[in-house]
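Note on naming: letters A, B, ... go to the chains in the order of the sequence lines (proteins, then strands), and numbering restarts at 1 for each one. We use all heavy atoms of the structure for the numbers below, so side chains are in, but hydrogens, waters and symmetry mates are not.
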Amino acid sequence: MPELPEVETIVRALQNGGRGSPPLIGRVLQGAELRWQRSLAAPQPDAFLEKIRLQPVKAVARRGKFILIHLNQATLLIHLRMSGDLRLEPATDETGSPVPPAAHDRVIFHFTDGWRLAFNDPRKFGRVWLADDPQAVLNGLGPEPLDESLTAEEFHRRLSRFQRQLKPLLLDQSFIAGLGNIYTDEALHLAGLHPLTPSHLLSSEDAARLLNAIRTVLQEGIRRNGASIDWVYRGGSFQNHFRAYGRSGQPCPECGTPIARRIIGQRSTHFCPACQPLKVAPAGGNSSTS
DNA sequence: AGCATTACCCGCACGC
DNA sequence: TGCGTGCGGGTAATGC
C-alpha cells in the first residue's frame with residue numbers, strides 16, 4: 001500500500017512510536033521466520049538468519065519507497081510493493097501464550113524482548129533484503145522529492161533530458177523516488193499538467209509548478225498519515241481529500257468538469273480534461289524532405 | 001543504435 | 001461464478 005507518504009508514516013511510527021505501536025529502535029533481533037521464501041530477496045536464508053542474530057536496531061529510515069532498518073553490522077531493507085505492511089507487536093498475549101501469526105504474514109522478525117515485527121503482504125510482491133551496504137540495493141533511485149537540494153532548475157533539466165510522457169516518467173523511480181499512482185495523479189492535477197505531456201515540452205515555470213505540486217501533495221499525504229484505500233485500512237485519511245485519483249466521473253474540485261480516467265503506461269490515470277490540457281509540440285519544425 | 005512505449009507477469013482479495 | 005481492478009516494478013517485445 002505504499003507510496004512515499006505511507007512509507008514515511010510507517011517509518012515514523014517505528015522511529016518514535018505511533019499507529020498504535022511503540023518504537024522499534026533499540027530492540028535486539030533474535031531471529032526470523034521465513035513463512036514465504038520468495039519474500040526474501042537476498043541473501044540466502046541461512047546466511048540471512050545467521051547475520052541478523054543478536055543484531056540491535058540502531059535506526060530506521062526511508063529512501064524512496066524503501067524502509068531501511070539499520071542494524072549494527074548491516075541494514076535490513078523492506079519494500080512493501082502493492083500490499084505490504086509492518087506490525088510491531090508482542091509475540092505472546094497476557095497469559096503468556098504465543099499469538100498466532102496473522103493471515104499473509106510472510107516474514108516475522110523476533111526480538112529478544114518478546115516483541116516481533118511482522119511483514120504482512122497478501123499479494124506477495126514485497127521484498128526484504130539484508131545488505132552490508134544499503135546503497136547496493138538502492139542504487140539507481142532518483143532524487144528524493146522532498147529533499148531541498150533538488151532545485152526547480154535541476155528538476156527542469158531532468159525533465160528536458162527525456163521525451164517521455166509525464167505520468168510514466170514520474171512513476172519511474174530512477175527519475176524521482178517515491179511517487180506512485182495516487183500522488184502522481186494528484187500532483188499532475190494540482191500542477192495543471194496533462195499526464196501525456198512530453199516531458200521536454202515543460203517550460204521552467206511548468207517544471208517549478210510541478211515540483212511544488214509534488215511536494216505539496218506528498219506533504220499533505222504525510223500530514224494525514226497516508227491514504228487508506230481498498231480493503232487494506234492503515235489509519236491514514238488522505239483518501240478523503242483526493243483531487244483526481246479514484247474520482248472519475250465526479251466533478252473536478254477546480255472547475256466542475258467530470259474527472260476522466262484512462263490507462264496510461266498500464267496504470268489507471270485520473271485527470272481533469274479542462275484543467276489539464278495537453279500541451280502540443282510547436283508547429284513547423286522539421287521537414288522530412290531532403 | 002538507442003530510446004520510448006507496450007505487453008505480460010507476479011498472488012490475492014474485493015466489488016459488481 | 002466470472003471478470004475487472006489494484007498505493008509496484010521487473011523483463012521482454014515492439015515501435016520509432
May I ask you to evaluate whether [X] reaches the phosphate of [N], defined as a side-chain N or O under 4.0 Å from OP1 or OP2?
X	N	result
A:H79	C:dG9	yes
A:K124	B:dC10	no
A:R81	C:dG10	no

inquiry  = Over all strands shown, is A:R261 touching base, sugar-phosphate only, or nothing at heavy-atom distances under 4.0 angstrom?
reply    = sugar-phosphate
inquiry  = Considering every strand and a 4.0 Å limit on heavy-atom distances, what is the contact class for A:S268: base, sugar-phosphate, or nothing?
reply    = sugar-phosphate
For [N] versus [M], give the span between their [atom1] atoms, rounded off to a whole number of Å.
N	M	atom1	value
C:dG10	B:dA1	P	25 Å
B:dC8	C:dG4	P	14 Å
B:dG11	C:dT1	P	23 Å

Please report the distance, rounded to the nearest Å, between [atom1] in [X] and [atom2] in [N].
X	N	atom1	atom2	result
A:D185	C:dT5	CG	C1'	15 Å
A:L169	B:dC3	CG	P	14 Å
A:W36	B:dC12	CH2	C1'	11 Å
A:Y183	C:dG8	OH	P	11 Å
A:Q239	C:dG6	CD	P	17 Å
A:I182	C:dG6	CD1	P	11 Å
A:R267	C:dG10	CZ	C1'	13 Å
A:D85	B:dC12	CG	P	18 Å

ask   = Can A:F125 be classed as stacking with the base of B:dC10, given a centroid separation cut-off of 5.5 Å and a plane angle cut-off of 30°?
value = yes
5′-ward residue of the pair A:Q266/A:Q163 relative to DNA chain B = A:Q163
ask   = Any idea which of B:dT5, C:dG8, B:dC12 is nearest the A:H104 side chain?
value = B:dC12
note = Among C:dG9, B:dC10, B:dT5, the one nearest any side-chain atom of A:R164 is B:dT5
query = After noting the C-alpha distance and the side-chain angles of A:H189 and A:F271, does the key distance pass the ring pair (Phe, Tyr, Trp, His ring centres under 6.0 Å) rule?
reply = CA-CA 6 Å; A:H189 183 272; A:F271 63 101; 9.5 Å; no
request  = Could you label the plane-to-plane angle of the A:F238 and A:H241 rings as parallel, tilted or perpendicular, counting under 30° as parallel and over 60° as perpendicular?
outcome  = parallel
ask   = Hey, are A:E8 and A:R62 close enough for a salt bridge, meaning a charged N less than 4.0 Å from a carboxylate O?
value = yes
request  = Run the salt-bridge test on A:E205 and A:R209 with the 4.0 Å N-O cut-off and return the result as yes or no.
outcome  = no
ask   = Between A:N181, A:D172, A:T184, which is the residue that forms a side chain to side chain donor-acceptor pair (under 3.5 Å) with A:K167?
value = A:N181
query = In the structure shown, which nucleotide is the Watson-Crick or G-U wobble counterpart of B:dA13, with both distances under 3.5 Å?
reply = C:dT5
query = Taking the chi torsion of C:dG10, is it syn (within 90° of 0) or anti (everything else)?
reply = anti
task = Determine whether any donor atom in the side chain of A:R123 lies under 3.5 Å from an acceptor atom in the base of C:dG6, or the reverse, and answer yes or no.
result = yes
ask   = Think A:R158 forms a cation-pi with A:F175, using NZ or CZ under 6.0 Å from the six-ring centre and within 45 degrees of its axis?
value = yes
